[in-house]
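These values consider heavy atoms only, across backbone and side chains, with no hydrogens, waters or symmetry-generated copies. We number each residue from 1, following the sequence as shown.
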Amino acid sequence: METQLTFDNKAKQLNLAFKERFVTDSNFQLKITGGINTRTGAVEYQGFLGKFFLAKPRSSSGYSLAADKKQLRIGAGVHYDSASEQYQVGVTARKNFQLGSSETWLKLSQDALYNPQTQKPSGVGTAQLSKSIFNFTDTQDVRVLVGCNAVINHKGDVVKAPYGQIRENNWSLNTTFKNDWSIRYDL
């Protein structure tokens, strides 16, 4: 189980976050993420149960992007959120591209969701560019990333949300480039 301590400027309290993923040989996945508020003891979590399919790579199509290390992953499943006590069904797609021979990656993802209780669709598309710098110092690796989420809400409006992160070994500083920031420490 992955665990981390998080602190952000909005809640102004320490949280213990957790994530666990169980994957079967036939690419079924159960993923549970959540957090425990250290002040109130409240627990919030999200769950996903789904099946993933790996698309076979095609021959080179002349793009300047190098062949990626990960294939296109397409999945379908059920999401549950304890805060809203609602579930959604949906499909997801993920693809990573290595840019050149360096540790620079372009990650594209898309989630399309439908809430049967409210009968409303929603979705999010993400484009993220990251650069890893190994041996930044003798004991430090650094990763810098910037990205943007395009969230389609239940009204059909598209809300753009840029974000960034600087990560050094176990520490990371996250920002929305507005007034929001958070600090995480991986345990």
Side-chain angles (χ1 to χ4, degrees), residues 2 4 6-13 15 17 19 21 29 31-35 44-48 50 52 55 61 63-66 68-100 102-133 142-168 171-184 186:
E2 296 178 37
Q4 58 189 221
T6 63
F7 182 86
D8 65 75
N9 67 320
K10 282 190 173 182
K12 294 183 178 151
Q13 53 195 6
N15 286 308
K19 176 169 64 171
R21 185 181 312 218
Q29 176 179 300
K31 179 180 174 184
I32 300 170
T33 59
E44 289 187 3
Y45 63 91
Q46 299 81 39
F48 170 76
F52 283 92
S61 56
Y63 292 114
S64 62
L65 302 174
D68 64 317
K69 292 181 180 177
K70 295 189 176 189
Q71 295 175 319
L72 172 65
R73 279 181 28 148
I74 300 171
V78 178
H79 299 261
Y80 178 77
D81 183 4
S82 70
S84 65
E85 295 184 350
Q86 294 192 5
Y87 69 93
Q88 298 180 29
V89 294
V91 294
T92 182
R94 307 258 185 280
K95 181 74 172 171
N96 294 335
F97 299 93
Q98 187 174 13
L99 304 178
S102 66
E103 286 300 318
T104 305
W105 289 84
L106 173 65
K107 176 181 176 183
L108 303 174
S109 64
Q110 174 65 45
D111 293 322
L113 302 169
Y114 177 75
N115 186 326
Q117 295 156 313
T118 63
Q119 298 185 349
K120 304 275 185 179
S122 63
V124 61
T126 301
Q128 176 179 291
L129 187 63
S130 66
K131 170 74 173 170
S132 296
I133 306 167
V142 173
R143 186 174 87 165
V144 178
L145 68 83
V146 293
C148 186
N149 290 327
V151 179
I152 303 169
N153 62 22
H154 63 279
K155 296 177 185 175
D157 300 327
V158 177
V159 179
K160 298 173 193 157
Y163 61 91
Q165 180 187 75
I166 298 173
R167 180 179 182 91
E168 178 273 331
W171 290 94
S172 61
L173 172 64
N174 305 290
T175 181
T176 62
F177 299 113
K178 294 181 183 174
N179 296 326
D180 301 329
W181 57 265
S182 66
I183 296 173
R184 291 188 332 205
D186 294 331

Subject >> Separation of Gln46 CD from Lys31 NZ (nearest 0.5 Å) >> reply: 9.5 Å

Subject >> Gap between atom OG1 of Thr6 and atom CG of Asn15 - 0.5 Å precision >> reply: 4.5 Å

Subject >> Under 3.5 Å donor-acceptor, Asp81 side chain and Ala83 backbone >> reply: yes

**OP:** Please report the shortest heavy-atom distance between Phe52 and Thr92, naming the atom on each side.
**Re:** CE2-CG2, 3.7 Å

Subject >> Nearest-0.5 Å distance, CG of residue Asp186 to NZ of residue Lys19 >> reply: 9.0 Å

Original post:
Counting only heavy atoms not in Glu44, do more than 12 fall under 6.0 Å of its CD?
Top reply: no

**OP:** Locate the shortest heavy-atom distance separating Thr175 from Asp180; write the atom from each residue and the value.
**Re:** OG1-O, 3.3 Å

Subject >> Donor + acceptor pair across side chains of Gln128, Tyr163 (<3.5 Å) >> reply: yes

Subject >> Atom of Phe48, atom of His79 and distance for their closest heavy-atom approach >> reply: CD1-CE1, 3.3 Å

Original post:
Under 4.5 Å between any side-chain heavy atoms of Lys107 and Ser130, yes or no?
Top reply: no

**OP:** Check the surroundings of atom CD1 in Ile133: do more than 12 heavy atoms from other residues, nucleotides or ligands lie under 6.0 Å from it?
**Re:** yes

**OP:** Mind running side chain to side chain contact (heavy atoms under 4.5 Å, CB included) on Gln119 and Tyr114 for me, showing each step along the way?
**Re:** CA-CA 7 Å; Gln119 298 185 349; Tyr114 177 75; 3.4 Å; yes

Subject >> Flag if over 12 foreign heavy atoms under 6.0 Å of NZ, Lys131 >> reply: yes

**OP:** With rounding to the nearest 0.5 Å, note down the distance linking OH in Tyr87 to CG in Asn115.
**Re:** 8.0 Å

Subject >> Closest non-hydrogen atom pair between Val151 and Val124, with its separation >> reply: CG2-CG2, 3.8 Å

Original post:
Okay, side chain of Asn9, backbone of Asn179: is any donor-acceptor separation there less than 3.5 Å?
Top reply: yes

**OP:** Quick one: pull up NZ in Lys95 and CD1 in Ile74 and give me the separation to the nearest 0.5 Å.
**Re:** 10.0 Å

Subject >> Asp111/Arg94 under side chain to side chain contact (heavy atoms under 4.5 Å, CB included): CA gap, chis, key distance, verdict >> reply: CA-CA 9 Å; Asp111 293 322; Arg94 307 258 185 280; 3.3 Å; yes

**OP:** May I ask you to check whether over 12 heavy atoms, not counting those of Gln117, lie within 6.0 Å of atom CD?
**Re:** yes

Subject >> Arg143 side chain reached by Glu168 side chain, heavy atoms, under 4.5 Å >> reply: no

Original post:
Does a salt bridge link Asp8 with Arg184, judged by any charged N lying under 4.0 Å from a carboxylate O?
Top reply: no

**OP:** Any chance you could measure Leu108, atom CG, to Leu72, atom CG, to the nearest 0.5 Å?
**Re:** 10.0 Å

Original post:
Looking only at heavy atoms, which two atoms of Gln88 and Pro116 are closest? And how far apart?
Top reply: CA-CD, 4.4 Å

Original post:
Taking all atoms of both residues into account, what is the closest heavy-atom pair of Val158 and Ala150, and its distance?
Top reply: CG1-CB, 4.2 Å

